[in-house]
Peer 1: 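Have a look at this one.
All ligand and atom numbering here is 1-based and tracks the order in the structure.
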Amino acid sequence: MHNAPTEEKTVTAYDSYLDDRQRRAIRDATDALVDVRVAHVNSTASGGGVAEIVGSLVPLLNDVGVETDWLVMDAHTEFFDVTKAIHNGLQGEKSEFTDAMHETYRPVVVGNATDLDEAYDVIVLHDPQSLGMAPTLAERYPETTLVWRCHIDLTAAAPPFLEFVQSYLDPIDRAIVTLPEYGEGITGVEKTVVHPAIDPLTEKNRALDGLSGDAADAADLESYPFDTDRPLVVQVSRFDPWKDPLGVIEAYREAKSSIPDAQLALVGAMPDDDPEGIVVYREVKEATRDDPDVHLLTNHPDAGINALQRGADVVLQKSLREGFALTVSEALWKGTPVVGTNVGGIPLQIEDGENGYLVEPTDIAATAERITRLLTDGTRKRRFGERGREMVRERFLLPRLLVDYLGLLSDVSR
Ligand code: UDP
C-alpha cells in the first residue's frame, strides 16, 4: 500500500459554493471529529471516478481538521483482471466466479491489509478491489470503524458476485451507496446514500482563463486535429464496454447522415486498474479507421478534458450500466447539454428535455435524433446548458460531498 499524492486545498476557496447550513455543519462536525484519523483506500491514484473524488475530498477533510490519508493498494495485473471481472459481474455480466479468481484476489487484499501499519479510527474502503481487506483489518485493528463505499450499481448483479461481496461484509460497519436501490441486494450492514460530486476548482472543472504552460496548450482546441467551426460531439469515458463506445459511434454515424460535418471525439483514460481498456480501445480504433472525423484521445490532461467538455456542442454518456457518471455533471457544469442513457446515476443528473436528453441504452435512433436536435438548435443548447450548470451547482459540487462525509464520519465514530 502506498500514499497517493494529494494537492493542498482549503475549504475557504469553496466558500461561494456553500450555504449557511453547510458552513454550520462543517463547524459542528469538525469540532466532533478533532481527534479522528481517517484513511481512504482504493486501487488507483488516477483515471476513473473514484480517484477523482478521493483526490479532491481528502485534502478538504485535512483542511477542516480531520486528519485523512489516501492510500492506494499495491497490486499486479492478474489482480486487476480479477477485480475487473468482479466489477463486470456486479454490473450484471453473467460469468463464473471461480476458485482461481478468489485465489488471485485473496493474497493481494490480505497483503495490503497486513501492510497497513497505522491505526486509523475510520477506514473507508472503495469498491470491490479493497473490500476484501476488511476481515484482516478488523482482526488487526478491532477498534477501527470500517466503511465500504460502493460506487457500483448492484441492482442487476450476477448472484455469485453479489455473494462474493456479501461474504466480506461482516466486519463492515457501514456501506455507502449512490442510490438506495443499489444497496437492496446486500444485507446485514447499515447503508447510507451519498451522491458523488465534482470539484469545481480543479483544472478539469474550473474556468479556463489563467492557465499557463502545458495546461494552456492542452486547453487550446485550435491545436486539436478537428475543426472547431464544425459541430463536435464528445464522450469522455474509460474505454470500457459498459460505456458503450461502439454504440456512441453508431449514434454519431446516424446523426452524421443528417449533419454531414459532425465530428466525434472519444476521450478515454487507461487507468492501472482497468486492463480491458487497451482491448476496447483497439476495437474502437478499428471501427473508426476510415472516418477522419472521429478522434480518439487517450490519457488526456485535465485541462484538455475541460476544454473538450466546454467546446463540445453535445456531450454523450451512452453507458449501458453506470454507478453515477461524474462526466455528466462535469459537462453540465460547463454549460454543455448531455445526451445520456436512462441508467444508474445518469437520470439523477439529466432532466429529460430540461438540461439534456435521456435515452434508452439500446435506442441508437433516439440517441442520434437527440444529438441532431441539439446540434441544430443553438438556443435550446444554450438554455439546456444554463439549467445544467445551475442543477450541478445546487446538487453535485464537492462542498456538499464534504458535508455528507463529515456527517457520516461523525455518525460512525460516535
Ligand atoms: N476521465 C479522465 N480521462 C479520461 C476519461 C475519464 O480524466 O480520458 C475522468 C472523467 O473526467 C471523470 C472520471 O474520469 O472525472 C470518470 O468518472 P465516471 O464517474 O464518469 O466513470 P468511472 O470511470 O468511475 O466509471
Peer 1: For Glu330, take its heavy atoms, then give the atoms of ligand 1 lying under 4.0 Å from any of them.
Peer 2: 10 (C), 11 (O), 12 (C), 15 (O)
Peer 1: Any atoms of ligand 1 less than 4.0 Å from a non-hydrogen atom of Val267? List them with their elements.
Peer 2: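 Within the 4.0 Å cut-off of Val267, ligand 1 contributes 5 (C), 8 (O).
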Peer 1: Does ligand 1 have any atom sitting under 4.0 Å from a heavy atom of His151?
Peer 2: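 Per 4.0 Å heavy-atom rule, His151 does not contact ligand 1.
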Peer 1: In terms of side-chain heavy atoms, does Gln309 have a donor or acceptor partner in Thr336 at a distance below 3.5 Å?
Peer 2: no
Peer 1: Please tabulate, one pair per line, all N/O donor-acceptor pairs under 3.5 Å involving side-chain atoms of residues 103-111, not counting sequence neighbours.
Peer 2:
| residue | atom | partner | partner atom | Å |
| --- | --- | --- | --- | --- |
| Thr104 | OG1 | Ala100 | O | 3.1 |
| Tyr105 | OH | Pro128 | O | 2.6 |
| Tyr105 | OH | Gly132 | N | 2.8 |

Peer 1: Under a 3.5 Å cutoff, is there a donor and acceptor pairing between the side chains of Ser237 and Gln317?
Peer 2: yes
Peer 1: Which residue and atom name correspond to the protein heavy atom nearest atom 8 (O) of ligand 1, and how close is it?
Peer 2: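 Nearest protein contact, heavy atoms only, for atom 8 (O) of ligand 1 is Ala269 N, 2.7 Å.
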Peer 1: Is Glu286 paired with Arg289 through a side-chain N to carboxylate O contact shorter than 4.0 Å?
Peer 2: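 Salt bridge flag = yes for Glu286 with Arg289.
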Peer 1: Heavy atoms only: which of Gly48, Ser329, Gly344 lies closest to atom 14 (O) of ligand 1?
Peer 2: Gly48
Peer 1: Less than 4.0 Å is my threshold; does some heavy atom of His300 fall inside it relative to ligand 1?
Peer 2: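 Flag not set, His300 not near ligand 1.
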Peer 1: Which residues pass the side-chain hydrogen bond (donor to acceptor under 3.5 Å, both in side chains) test with Arg321, sequence neighbours left out?
Peer 2: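 With neighbours one apart ignored, the set is empty.
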Peer 1: Do ligand 1 and Leu326 have nitrogen or oxygen atoms that lie under 3.5 Å from each other?
Peer 2: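 Yes - when backbone and side-chain N and O of Leu326 are compared with those of ligand 1, one distance drops under 3.5 Å.
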Peer 1: Going by distance alone, is a donor N or O of one side chain under 3.5 Å from an acceptor N or O of the other, for Gln349 and Ser329?
Peer 2: yes
Peer 1: Within a distance under 4.0 Å of any heavy atom of Thr327, pick out the atoms of ligand 1 and give their elements.
Peer 2: 10 (C), 12 (C), 20 (O)
Peer 1: Under 4.0 Å from a heavy atom of Gly268: which atoms of ligand 1 are those, numbered in the order shown and with their elements?
Peer 2: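 Listed by number with element: 4 (C), 8 (O).
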Peer 1: Of the protein's non-hydrogen atoms, which lies at the shortest distance from atom 6 (C) of ligand 1, and what is that distance?
Peer 2: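 Atom 6 (C) of ligand 1 sits closest to the protein heavy atom Val236 CG1, 3.7 Å.
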Peer 1: Which atoms of ligand 1 have any heavy atom of Ile305 under 4.0 Å away?
Peer 2: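 Atoms satisfying the 4.0 Å criterion: 2 (C), 3 (N), 4 (C), 7 (O).
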Peer 1: For atom 16 (C) of ligand 1, what's the nearest protein heavy atom and its distance?
Peer 2: Gly49 N, 3.5 Å
Peer 1: Aromatic contact between Phe97 and His102, with the criterion being ring centroids under 6.0 Å apart: yes or no?
Peer 2: yes
Peer 1: State, without any angle test, whether Thr145 and Arg174 hold a side-chain donor-acceptor pair at a distance under 3.5 Å.
Peer 2: no
Peer 1: For atom 23 (O) of ligand 1, what's the nearest protein heavy atom and its distance?
Peer 2: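 I find the closest protein heavy atom is Arg238 NE, 2.8 Å.
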Peer 1: Please name the residue in the list Tyr120, Trp70, Tyr405, Trp148 that meets the ring pair (Phe, Tyr, Trp, His ring centres under 6.0 Å) test with His40.
Peer 2: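 Single pass found, and it is Tyr405.
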Peer 1: Does ligand 1 come near enough to Phe324 that some N or O of the ligand is less than 3.5 Å from an N or O of the residue?
Peer 2: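 N/O-N/O distance below 3.5 Å does not exist for this pair.
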Peer 1: Is the closest N or O pair between Gln309 and ligand 1 shorter than 3.5 Å?
Peer 2: no
Peer 1: May I ask you to list the atoms of ligand 1 that are less than 4.0 angstrom from any heavy atom of Lys243?
Peer 2: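 The atoms of ligand 1 under 4.0 Å from a heavy atom of Lys243 are 21 (O), 22 (P), 25 (O).
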Peer 1: Which of parallel (below 30°), tilted (30 to 60°) and perpendicular (above 60°) describes Phe164 and Tyr168?
Peer 2: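 Taking Tyr168 first and then Phe164, their aromatic rings stand perpendicular (interplane angle over 60°).
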Peer 1: Do you see a donor-acceptor pair shorter than 3.5 Å between the side chains of Arg149 and Thr192?
Peer 2: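 Absent: no donor and acceptor within the cut-off.
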Peer 1: How close does the nearest protein non-hydrogen atom get to atom 7 (O) of ligand 1, and which residue and atom is it?
Peer 2: Lys204 NZ, 2.8 Å
